[in-house]
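See below for the structure under consideration.
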Amino acid sequence: MATVSGASVKNIVVACEAGMGSSVMVAKQLAKQLKAQGVAVTHSPVNQLAETPHDLVLCHRGLGSRAKQAVPGSVVIMFDMFLGDLRIAEVVARIQSGDDISDD
Amino acid sequence: MANFIPTGDGGHSGWRASVQKVGGNLAGMVIPNIGAFIAWGLLTALFIPTGWLPNEQLSEMVGPMIINLLPILIGYTGGRLVHGQRGAVIGSIATVGVIVGTSIPMFLGAMLIGPLAAWILKKIDAVLDPVTPTGFEMLIGNFSLGISGMLMAILGYLGIGPAVNAVSDVLGNGVKVLVDTGFLPLASILIEPAKILFLNNAINFGVLAPIGAVEAEETGKSIMFMLESNPGPGLGLLVAFWLAGPKILRGSAPGAIVIHFLGGIHEIYFPYVLLKPIVVLAAIAGGATGVATFAATGVGLVATPSPGSIFAYMTMTPPGNHFGVLLGIALSAAVSFVVAFFILKATRSGEDAADLDAAKAKSAEMKSGTAN
C-alpha cells in the first residue's frame, strides 16, 4: 500500500491496455475536473507505465495487477466504471482538498 | 469495494494478468499502426476492381502496403517496445527477411521476429557497451546493428517465414472449416467472456486480425475482423442495463451507449458485465447471432475496424456488403438485449436495494474520509 498527499499530486497518468482508447477518455474527463488545481493528466499503455512520469496512477480494476507489477512503488487507484466512478470522484475530491490518497 | 465487485479483482497477479500481458504486447505492436491499416483499408475499399471507384493505377498501392508496409510497421513497433530506436531498426530489417520468405501478409511473423531481433540486439549491446573504447561508440553501434540485422533477416527468410507460413495455413484452414461447417458462431463462447476480462485487444489484434489479413489479401474481405469488434452485443447489453439494470447503473448507461456504439470504446461496457457476470450469456448469444448472420450473408470487412464503432464498420464495409453487416449488428444487438433484459429482470429481487445501500454506504464513507 502506497500513499501520496493530494496536494502534491501534479501529474496523473491513466493507464489502459493500448493507451489510446478508454484511458484517453478517462484522462480527458479528469483533466477538466482538475484544471483549477493545475494537475496534468496523461494516458499510457499499462505496459509502459514505468517510463511515464507520474505522481498517481489510475486504471481499471481488470488491469490493476499489471499496473502494480509495472510500478510497484506508485499509488495505483483502481476504478470500476469508466463513467461516474466513485473512486475517481473520491480521488478528485482528495486532490481538491489536499487529503492523503492511498491505494488498496 | 471488493464485496461490490464479484469478479475482476486486480489485487493479485494470476494467469489472467499473464495472458493480458502477452496479448497486450501483441496488441501494442498493432494498435499504434492502426492509421496505416485504415489507409490501406480505404485504398482497398475504393480502388480494387470490386471497389467503389475501381482504378488500376491507384490499386497498385494495395499489395505493397499489406505485404510490406504493415508487417514492417509491426516489426518496427515490436522492436521499439523491446529496445527503443535501435530495436525498432533491427526489428524492421528482420521483418523484411520474413516478408520475402513468404507470399502472404506476415503479421504473425513480424510480431515474432521484431521483438526477438530487438531482444538479441539488446543482449549484444549489453556485452559491447562496457568494452567500447571512447570514440568508437558510433562505429561499433552501427556495425553491431548492421551485422546482427543482416543475420536476423537471413534467419527470418530461412526459418521464421516458412514456419509462420505453415502455421498461418493451418489457422486459415481451421477457420475455413469452421466457416464451412457453420461452427464459427461458437467462437463467441470464447470471445465474449474473454473481452470482458480485458483480453479484447489481445484477441482482435493478436489473433483474429492476422488471420483476417491473409484472407482479405486474397479475397478483398474477411469475417475475422468482425468476430470481436461487432458493436452490436455491447449495444444490446447497455440498453438492457439502461432499462432493467440495477438503479445505480442506469444513469450512466445512455452516455455509455454513445461512447460504445458511436465512439467504439468497447471497454466502457465491460464493468457493467463484471457487476453482473451472468449477463455475459447475453453477450455470447448476441455475438454468436452476429457471427451467424455475417457468415450466412457472406459479408466481411476489408480491414480491422478500430475502434469498433458503427462508423468504422461502415467505412470498412466493401460495396454490396452493407445489408449483411447492418443486419448482423442489428440482430446481435436485439438478441443480446432480450437475453440481458430477462436475466436482469429475473435476478433482480431485492438486489437493487442492496446495491443502492452499498453505494450509499460507500459515498457516506467517502464523505467522512474513512475510505481507503
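In the text below, chain A, chain B and the rest are named by the order of the sequence lines, each starting its count at 1. Bear in mind the structure is a predicted one, so any value in this text is a computation, not a measurement.
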*Hey, which of A:I77, A:V4, A:D99 is the one that makes side chain to side chain contact (heavy atoms under 4.5 Å, CB included) with A:R94?*
A:D99
_Residue of the set A:I95, A:V14, A:V91 for which side chain to side chain contact (heavy atoms under 4.5 Å, CB included) holds with A:L30_ = A:V14
*Should the heavy atoms of other residues, nucleotides or ligands under 6.0 Å from NZ of A:K10 be counted, would the total exceed 12?*
yes
*For residues B:S309 and B:F261, determine if any side-chain heavy atom of one lies less than 4.5 Å from a side-chain heavy atom of the other.*
no
*Using non-hydrogen atoms and a 4.5 Å limit, figure out which bit of B:I268 sits close to chain A: side chain, backbone, both or neither.*
both
*Hey, which residues of residues 47-59 of chain A are touching chain B, say heavy atoms under 4.5 Å apart?*
A:N47, A:Q48
*Take the angle between the ring planes of A:F82 and A:F79 and call it parallel below 30°, perpendicular above 60°, tilted in between.*
perpendicular
*asked:* So which residue, B:I259, B:I196, B:L81, ends up with the most heavy-atom pairs under 4.5 Å with chain A?
replied: B:I259
*Are a donor atom and an acceptor atom from the side chains of A:T42 and A:N11 found within less than 3.5 Å of each other?*
no
_side-chain contact (heavy atoms from CB on, under 4.5 Å) assessment of A:I12 paired with A:L34_ = CA-CA 10 Å; A:I12 298 179; A:L34 291 172; 3.7 Å; yes
